[in-house]
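Scroll down for the structure; my scribbles are underneath it.
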Number of protein chains: 2
Amino acid sequence: MAAPSSVSAAPTASPLFLREHEVRRGVELLFFGYTRLTRAIDDGLAEHGLGRAHHRALYFIARQPDLTISELLKILAITKQSLGRVLTDLAEKELVETRTGEVDRRQKLLRLTAEGVRFEAQLFDALRTSLASAYAAAGQESVTGFWRVLEGLIPAEDKAMVIALQKDI
Amino acid sequence: MAAPSSVSAAPTASPLFLREHEVRRGVELLFFGYTRLTRAIDDGLAEHGLGRAHHRALYFIARQPDLTISELLKILAITKQSLGRVLTDLAEKELVETRTGEVDRRQKLLRLTAEGVRFEAQLFDALRTSLASAYAAAGQESVTGFWRVLEGLIPAEDKAMVIALQKDI
DNA sequence: TAGATACGTCAATATGGCTGCCCCATCTTC
DNA sequence: GAAGATGGGGCAGCCATATTGACGTATCTA
């Protein structure tokens, strides 16, 4: 609706028609791409009796050592309860350890253990294999476009958090 | 590994280092982008007492009317049990209806009802709003790159299925 | 007619989310 | 120093979505 001005266009091949096609293509590719990428690590996780929720925590702790619980909660956007179970599992398997914060002793700083680092790196390798081959097939210019579109999907209030992640490495 | 020839490069800023950064960026943007996009329709679904699993079925039935159960199973890559519950819910709410296949009477052909079409279009509108603004911010060239990379993430054996979807509209 | 296929369904189980409520330790502010 | 805010932990119970394996029925194909 409300397509402005200069609409003497033919009823077929209207801008709205194209837009729908483009949007559906994006929705589908995101669905298949995301699910296929995550599937790449399911086996590795299952070997340790862990699930995807554990990987997400592991991943972001790897990315930002000495992350606090509340920072991780913001990133994952789940409840304290849900995260609690995941972190308990990871601690029991000695993949993650916590220290008391120095500036604020209420905080717990999360870190991977040596074994955690090893395990995360192993999982990351599966992700790297998938993504690197997609990058290579598409070419560097496409990769930049890929990032740009995805960045546009992140609401303004979350963008700072994502950018902060990418400053470190 | 196995970077060929002309590797007299400095040990810092090695290709591997860059590759890790680029891969982590992709993993994170995919995670945030995908979750934020799906979140855009949660409210609309909740109003009808439905979840994301229902939307996925609804979406692909909208996309390919007269889809069979087994085709939908392949697309969603879940079990018959899981899909069964979802389709039962959608049928009870009169959003989806089935007809017996004409060429093969064992098959059930899935279609949206008029109300189903209306509802799916409403949900799609939320997706369109999010994606269209990301597309617009990134520009057409980026959108093409976005598609290319995601296509590279889809394993060869699934690619035909995805392309088949995109032939219709 | 025999076997394969499409679909439905039973029971049991796992994962990963949620809410509401309450606790303690610690930091900040008045 | 007391009051309140904040960071973190935990209980109980629930829900959504997925899994496995086995079995039944209708229908198609060879």
Practice problem: Please say whether more than 12 non-hydrogen atoms of neighbouring residues, nucleotides or ligands are located less than 6.0 Å from CD in B:E157. | Solution: yes

Self-check item: Closest non-hydrogen atom pair between B:S130 and B:A40, with its separation
Solution: OG-CB, 3.9 Å

Quiz item: Tell me, for nucleotides 22-30 of chain C in 5' to 3' order, what letter each nucleotide earns: B for a base near a protein heavy atom under 4.0 Å, S for only sugar-phosphate near one, - for neither?
Solution: ---BBS---

Self-check item: Which residues share a side-chain contact (heavy atoms from CB on, under 4.5 Å) with B:R85, sequence neighbours left out
Solution: B:S82

Practice problem: Grab the CG-C1' distance between B:L83 and C:dG8 for me, whole Å please. | Solution: 11 Å

Practice problem: Give the rounded distance in Å between these two atoms: NZ of A:K108 and C1' of D:dG9. | Solution: 7 Å

Quiz prompt | OH-CG distance between A:Y59 and A:L112, expressed to the nearest 0.5 angstrom | solution = 12.0 Å

Quiz item: How would you list, by chain and number, every residue that makes a side-chain contact (heavy atoms from CB on, under 4.5 Å) with B:T68, sequence neighbours excluded?
Solution: B:S70, B:E71, B:Q107, B:L109

Self-check item: Protein-nucleotide distance (A:D66, atom CG; D:dG7, atom P), rounded to Å
Solution: 17 Å

Quiz prompt | Spacing of CZ belonging to B:F31 relative to CG belonging to A:L150, to within rounding of 0.5 Å | solution = 13.0 Å

Name the pairs: protein N/O against N/O of nucleotides 13-16 of chain C, kept only if under 3.5 Å.
unit_1	atom_1	unit_2	atom_2	d
C:dG16	OP1	A:R52	N	2.8
C:dG16	OP1	A:A53	N	3.3
C:dG16	N7	A:R85	NH1	3.2

Practice problem: Take the protein atom CD of A:E71 and the nucleotide atom P of D:dT6, then report the distance between them rounded to whole Å. | Solution: 16 Å

Quiz item: What is the distance, rounded to the nearest whole Å, between atom CZ of B:R99 and atom C1' of C:dC7?
Solution: 17 Å

Quiz item: At their closest point, which heavy atom of B:L30 faces which heavy atom of A:L30, and how far apart are they?
Solution: CD2-CD2, 3.8 Å

Exercise. Please determine if a side-chain N or O atom of A:T79 lies less than 4.0 Å away from the OP1 or OP2 oxygen of C:dG17.
Key: no

Practice problem: Kindly state each residue pair satisfying side chain to side chain donor-acceptor pair (under 3.5 Å) with at least one member in residues 89-98 of chain B, sequence neighbours excluded. | Solution: B:H54-B:D89

Quiz prompt | Residues in contact with DNA chain D, drawn from residues 33-45 of chain B - heavy-atom cutoff 4.0 Å | solution = none

Self-check item: Atom-pair distance (CG on A:L110; P on D:dG7), nearest Å
Solution: 14 Å

Quiz item: Base, sugar-phosphate alone, or nothing: which one does B:S70 contact when heavy atoms must sit under 4.0 Å apart?
Solution: sugar-phosphate

Quiz prompt | Minimum heavy-atom distance B:F119-B:L50, with the two atoms named | solution = CE2-CD1, 3.7 Å

Quiz item: Whole-Å distance between D:dG9 P and A:L73 CG?
Solution: 9 Å

